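This structure is a prediction, so every number in the text was calculated from the model and none was measured. Order of listing sets the numbers, starting from 1, for every ligand and every atom in it.
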Amino acid sequence: MDKVGASLLRWLALLIWFFFIVKLTAASRKIFQSENGKSLGVRLHKHHHRMVMDNGLVQVTLSSPGGDITGIQYNGIHNVLETRNREGNRGYWDVVWNLPGNHIAYDRLKGTDFNVIMEDEDQVELSFKKSWNFTHGGSSAPLNVDKRYIMRRGSSGVYLYAILERLEGWPDMDMDQIRIVFKLQNDKFHFMAISDDRQRIMPMPRDRISGEPLAYPEAVLLTNPTNPQLGGEVDDKYHYSCENKDNRVHGWISENPTVGFWMITASDEFRAGGPLKQDLTSHVGPTVLSMFTSTHYSGKDLNTKYRNGKPWKKVLGPVFVYLNSISSLEDPTTLWEDAKDQMSIEVNSWPYNFPQSEDFPSSDRRGTVSGQLLVGDKYISDKPMWASYAYVGLAAPGGVGSWERDAMGYQFWVQANEEGHFLIENIRAGHYNLYAWVPGIVGDCRYDVIIHIQPGCDVKLGVLVYEPPRNGPTLWEIGIPDRTAAEFFVPDTYPTLMNKLFINQSTHKFRQYGLWERYSDLYPKHDLIYTTGISNYHQDWFFAQVPRNMGNHTYQATTWQIKFEIENATPRTGNYTLQVALASASASELQVRFNDRRAKRPHFRTRLIGRDNAIARHGIHGLYWFYSINVPSRLLRQGNNTVYLTQSRSKSPVGGIMYDYIRLEGPPETGPSVE
Ligand SMILES: *[C@@H]1O[C@H](CO)[C@@H](O)[C@H](O)[C@H]1NC(C)=O
Ligand SMILES: *[C@@H]1O[C@H](CO)[C@@H](O)[C@H](O)[C@H]1NC(C)=O
Ligand SMILES: *[C@@H]1O[C@H](CO)[C@@H](O)[C@H](O)[C@H]1NC(C)=O
Ligand SMILES: *[C@@H]1O[C@H](CO)[C@@H](O)[C@H](O)[C@H]1NC(C)=O
Ligand SMILES: *[C@@H]1O[C@H](CO)[C@@H](O)[C@H](O)[C@H]1NC(C)=O
C-alpha cells in the first residue's frame, strides 16, 4: 500500500474513532446549537402563497391558505418530500366520504382561511381552515376543518393535528377514511422500518408497475425490480399493517445523507376502533401514513355513518413527524433506535401541553378512572380470579363490545397488571362505558354504568367482576380465546410468492401473501376433520375456513368436522352449550349442525356476516364475533358425535372466517362446589 493510501486509512480510522468516542448524545445530536450555545428560536416567514416555519433544525413549507406541506428541508436535503409530485401531492390530509347512496369521493381538506395562532421564539402554530355551509351542497364533505401545524424550538420535526366538526342538522354522510399522507423522495428513501422485526430494503414504485399484479392490485410479484435481490418477492402494503396499540413509530431511512423520517403517534385516543384495529403504516412510494380511521380490517361494520344531524367534533392528533440524522459512518439502523427513543419522549409528554386549540385539553382538564377487574367463572375457579393483563378501556356508550366498531368517539385503553389493577389517565371529559377483554377468557366485558368524566375527576371503581359466557363444564375446547387465529395452523406460503422479511419469523408468518390458497392444497378432496383429544390445534386446525378452489375460478363451500366422544354412562338431561368466538368474518355464513351433516336446517346459522377482509389482507384477525349456541341434549348421543361447521358462502376465494376459540360445555352442574 502506498503512503498516501496508508495515511488516508489512518485518517479514516481516526475519524471513526472520533465519532465513536464523541458518540453524541441523542439530544445534542438533534439540537442544532447556535453560536452562543442556545438552540435557535422558531421563525415564520410569510410569503404570498406559502408559509415557512424554521427552527434551525427543520424548515417546513406550507401552501397557503390550502395548508398542504409542500417542502421539508432537513440536514442538507433541500426537500425530503418527492419534488416530482405536484405540491398538493406531497404532504396532505384527506378523507374518503360519500353522501348516502352516492359514490365515494376524496376530499383533500384544502384550507380557505389562514391564521397564525401563535408566533414566538419558542413556538409557531398555524391554522388552515375550511368551513362548510349549505351552499356547498354535496360538492365537498360536510365538515368544518381546522388543520394545525406546530413547530417548536429545538424540536426536530413538526406536529400535525386537525379539528373536524359537523354542526347540528348537517346532511348525513359516511366517512370511511381520515388520514395524513407523506410521499418521500423516491431516490433517497429505500429502507423502511415498522418495528424491531419488520424493517427492510423496499422495492421502488416502478418495480410494482413492471411487476405482475396478483389476486388484487395491491399485491404485486416483483419480476424485474431495480434492486435484483428483491426479484421474485411479493410486495403488498398490507404486509406492513399494524394494530393501533403497536403503531407508535414507523418510517423510512435515506442512506445518503443518512436521514430518517418518522411518523410518531403518542396516543390512540383519537384513532378509530380501539387498540386492536389494524391499519396501514408505511409502504412503497416511499409513503408514510397516519391513519385515523379506515374500513381496513373492519369493513363497514365499523360505524362510519354520520346520521340524523347529530353534531360531532373530534380532534385528530397531534402526531409528530420526526426527522433524525447521523454521519454516514454510523450504522443507519441507529436512526430507528433513536426514533424509538423519541417516541418514548412523545408518549411520556402525552397529552401535550402546547397545542393552542381549546379543543385539545391538557392534562389538568382530563380525568382518571381506576379499579381492579376480576373474572368470575366458577367452572375455572371457586373464587374470582385476577383478570391478568386485561385490556380495559373507555369508549362511547354502547353495547357489549361496541368499542371495536366505533369510529366516532375517543377511546382510552390500558392493559391491567397481573392482578387486574388498571389506571386510565388523561381521559377527556365526556360520557363513556368501561369495556374490557381478558386474554385467555372468552367474550367481551362491559361495565353497565355510564361513567361521566369531568376535568380533574378521579373515579375509583373498586373491584369489578367480569362473568364471561359460561353455562356448564368444559368438555373440550379448541384454540386460545384471545381474539386472533394466531395459535392455529398458519402454513408456509408458496416459495414463489414470498416476502423474505417474514421467512423464519414465526410471529409474522401470517403476513405472507396467498396463505388462503394453501387450504385447497392441504385438503384437496376432503375438508378438515378435528378429533378432540387426538388432534392438536396448532397443527390440525387451519387458520381460516375458506372455500376450496375447484379450478377454473370456481369455489366450493367447506364443512369442517369436530369429532368428540361423550362418555357419560347416564346421559345428562339439560342443555349443552357451544361457545363460538370468531376472530374475523368476510362475506361469510357459519352454519352449525350436530351429527347430521345433511340436515336441511342447520341448528344454528350466523347468516351473512362480515366485511373485514382480514384473510386477503394478511391480518390474523378482523372484528370479533361471539355466539353462545344452545344445544339441547337430544342433539347429542352417548359415544361418538360430530359437529359440522359449514361456511356456506363461496363466491370469493378470500371470503371466509377465522375462528378465535370454540368450546363445548356440558349441561350445568348442580352440586356443592358450584352454585
Ligand atoms: C357559504 O359558503 C360560501 C362559499 O364558500 C360563502 O361565499 C358564503 O359566505 C358562506 N355563507 C355563510 C352563511 O357562511
Ligand atoms: C431461514 O432459516 C434457515 C434455517 O435456519 C436458513 O438456512 C435460511 O437461510 C433462513 N432464511 C432467511 C431468509 O433468513
Ligand atoms: C371454465 O369455465 C368456462 C366458463 O364457465 C367454461 O366455458 C369452460 O368450459 C370451463 N373450463 C373447464 C376446463 O372446465
Ligand atoms: C334448553 O333447550 C330448549 C330447547 O331449545 C329450550 O327451550 C330451553 O329453554 C333450554 N333450557 C335452558 C335452561 O336454556
Ligand atoms: C368412536 O370413534 C373412534 C375413532 O374416532 C373409534 O375408535 C371408536 O370405536 C368409536 N366409538 C364408537 C362407540 O363408535
Check this for me: does any side-chain nitrogen of one of E404 and R483 sit under 4.0 Å from a carboxylate oxygen of the other?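 Salt bridge: yes.
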Residues E82 and R90 bridged, charged N to O under 4.0 Å: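 Answer for the salt bridge query: no.
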Mark up the atoms of ligand 4 that fall under 4.0 Å of a heavy atom belonging to N575, in ascending order.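 Contacts of ligand 4 toward N575, numbered from 1: 1 (C), 2 (O), 3 (C), 8 (C), 10 (C), 11 (N), 12 (C), 14 (O).
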Can you name the atoms of ligand 4, numbered from 1 with element, that are less than 4.0 Å from a heavy atom of P632?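 Here the atoms of ligand 4 in question are 4 (C), 5 (O).
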Per-atom contacts of ligand 1 with T135, taking only distances under 4.0 Å to non-hydrogen atoms: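 So the atoms of ligand 1 that pass are 1 (C), 2 (O), 3 (C).
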Taking the six-membered ring for Trp, are Y306 and W312 parallel (under 30°), tilted (30 to 60°) or perpendicular (over 60°)?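 The arrangement is perpendicular - the two ring planes meet at more than 60°.
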As a test of the contact definition, would atom 2 (O) of ligand 4 count as having a protein heavy-atom neighbour under 4.0 Å?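 Within 4.0 Å: yes, protein heavy atom nearby.
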Just to verify, which of R50, R108, K110, K183 counts as forming a salt bridge (Lys or Arg N to Asp or Glu O under 4.0 Å) with D68?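 Running salt bridge (Lys or Arg N to Asp or Glu O under 4.0 Å) over R50, R108, K110, K183 with D68 returns exactly one hit, K110.
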Starting from the C-alpha separation in whole Å, work towards a yes-or-no answer on ring-ring contact (aromatic ring centres under 6.0 Å, His included) for F354 and Y159. CA-CA 10 Å; F354 52 82; Y159 292 87; 4.8 Å; yes
Atom 8 (C) of ligand 1: the protein heavy-atom neighbour that sits closest, reported with distance to 0.1 Å: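 Looking at atom 8 (C) of ligand 1, the protein heavy atom closest to it is N133 ND2, 3.8 Å.
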Among all protein heavy atoms, pick out the one at the shortest distance from atom 5 (O) of ligand 1; state its residue, atom name and that distance to 0.1 Å.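 Result for atom 5 (O) of ligand 1: H136 NE2, 3.3 Å.
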